[in-house]
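Contents: one structure, followed by commentary.
Keep in mind it's a predicted model, so treat the numbers as computed, not measured.
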Protein chains: 2
Amino acid sequence: MNMTDDHPLGLLVRKLESMGPVTGDERRAILDLPASVRVFPPRYDIFHEGDRLSQCCVVLNGWLWCHRSLSSGKRQIISLHMAGDLPDLQGLELPAIDYSLGTITESTVSFTPCERLLETAATHPRIAKALWQFLVGDAVVIREWMLSLGRRSALEHLAHLLCEICVRQHSLKMVHDCRCELPFSQQDTADILGLTNVHVNRMARILKQRGLITLDDKMLFIHNWQNLVRLCEFDASYLEPKLKFASMLRCTQENGPLHLDRQVQSC
Amino acid sequence: MNMTDDHPLGLLVRKLESMGPVTGDERRAILDLPASVRVFPPRYDIFHEGDRLSQCCVVLNGWLWCHRSLSSGKRQIISLHMAGDLPDLQGLELPAIDYSLGTITESTVSFTPCERLLETAATHPRIAKALWQFLVGDAVVIREWMLSLGRRSALEHLAHLLCEICVRQHSLKMVHDCRCELPFSQQDTADILGLTNVHVNRMARILKQRGLITLDDKMLFIHNWQNLVRLCEFDASYLEPKLKFASMLRCTQENGPLHLDRQVQSC
DNA sequence: CGCCATTTTGAGTAAACTCAATTTATGTGG
DNA sequence: CCACATAAATTGAGTTTACTCAAAATGGCG
């Protein structure tokens, strides 16, 4: 096992490798970056709206989200992040971050000083390119969420979210027997979907009644992937840029582009 | 008048200048990029969802938007773009663009081949940095829109949109006597806000009845900026990264950070 | 067991939608 | 310049979706 697998920024190296041959210089530049690993408890905000970003983080383990709130207290969750994500790339080079980053579950996160990361990007164009790809990959997901917020019904929106979570967890090899973790409450789900907790509860009941899913003990069980996908016209291709390298994060054997067919068959 | 003012990519040079001293090499690298200028009629889609981006564009004049649609035909507008914007940076390095870019009004747009822009960015870190800043500046606006879509009432959302448009037009020196262009229909507005045209009409009527605005002939007249801002708790600071350099796009004299006070007084 | 957070349910309300008709621009050809 | 066609804005009436408030049930945990 070489250094790439141990170092928290090893995944950046792997991302580079997915783009083409990597020079020793590039590899060294990344692995020489300081990376301090910290573990945060659940529901802990790592930074807040308005802060100046000084450290850029990589999620090694756990679930996190970015969120914003109105003065009335109404909260909107902007994005979900899992292992391999760089959730505060969005705030890099911003005078002040416009969102808060918080843990959902207990999470392990690696920090690198922004200026060091930026220096490395400035001297290694292909590293800069990889960061760019992370950034636009996240932006694609954000746009899909906007479409859901504006134009999908509550039921479709919930179904679509569950599909997305399932596919993203699947790429991390975290889905077993059509079961995956769903580590937040209906109130939290409401803050993702722009609804109330009561309405989320009712929409979830409909999905259960139709035999599509069950939810218990913070686990999502998808009984009928095909019908769930059909209900919300879920098309996973928007996740491809984001997942391109997630698939090689946890396993050495290549599993190619999203094999949804396989998932469909297994549900 | 030097070359910077004529060349369509002059604004990229100005962006660099706003970040610090610019070397002759950097300036030359940008101004050497091919840039073909084209004029498009209103309501013309420059590229479509699913296309591979080959040319990267800069808006020189006019209004454009990015939009996505569901198979049902429901449309969501993702972003608005005006002079100085680089609306398809979001699609750069993506295997396929996930949104369509279309003109609202007749628009003048400059095109540069993506690979040339990327080459230049790869060899000039500060140019890459400027592109990064454009990208995250747009992402901040997107997040504000998400918050509106999920958590603001229809009335607040409409008011917030009008405030944003006014401030962005103001930074381009396109607001005169509290009047600015609003070159799209109520149906279009509905597709921005995630509402129906009928409901937009009713919300607009409320704003008019309260003496905050009038709308006629595709022009927005803001009568009471202060109350409009108060209604939706508009805080323009989220636009700062995006506008940082717009303010120097059209005028040589520095006008500093957003002087909203001045606007308030004049309304 | 008792506490707390979360989920679930009910009943009434409000926000936003649908459908359809009417009025008001906008534009075009004669 | 008017007649006509077309698109957009406006209004009304009825419906649906989602919200609010409150209570009851459930589940995890010390």
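The nearest whole Å value for the distance from the CZ atom in A:R43 to the P atom in C:dA5 is 13 Å. When the P atom of C:dA14 is taken as reference, atom CG of B:L155 falls 17 Å away, rounded to whole Å. Protein atom CG of B:D191 is 14 Å distant from nucleotide atom C1' of C:dC17, rounded to whole Å. In this entry the distance linking CD of A:Q186 with P of C:dT9 reads 10 Å, nearest Å. In this structure, A:Q187 atom CD and C:dA5 atom P are separated by 14 Å, rounded to whole Å. Atom-to-atom, CG of B:D188 to C1' of D:dA9 comes out at 13 Å; the value is rounded to the nearest Å. Residue B:I104 contributes atom CD1, which lies 17 Å from atom C1' of D:dA8 at whole-angstrom precision. Counting to the nearest Å, the P atom of C:dA25 and the CE atom of B:M219 are 17 Å from each other.
Across residues 197-217 of chain A, A:V198, A:H199, A:R202 each have a non-hydrogen atom less than 4.0 Å from an atom of DNA chain D (numbered order). Interface residues of residues 65-82 of chain B facing DNA chain D, ordered by number: none; criterion, heavy-atom separation under 4.0 Å.
Between B:S185 and A:S153, the one whose closest nucleotide on DNA chain D sits nearer the 5' end is B:S185.
In this structure, the side chains of B:E106 and B:P42 come closer than 4.5 Å at one or more pairs of heavy atoms.
A sub-4.0 Å separation between OP1 or OP2 of C:dA16 and a side-chain N or O of B:T196 is absent.
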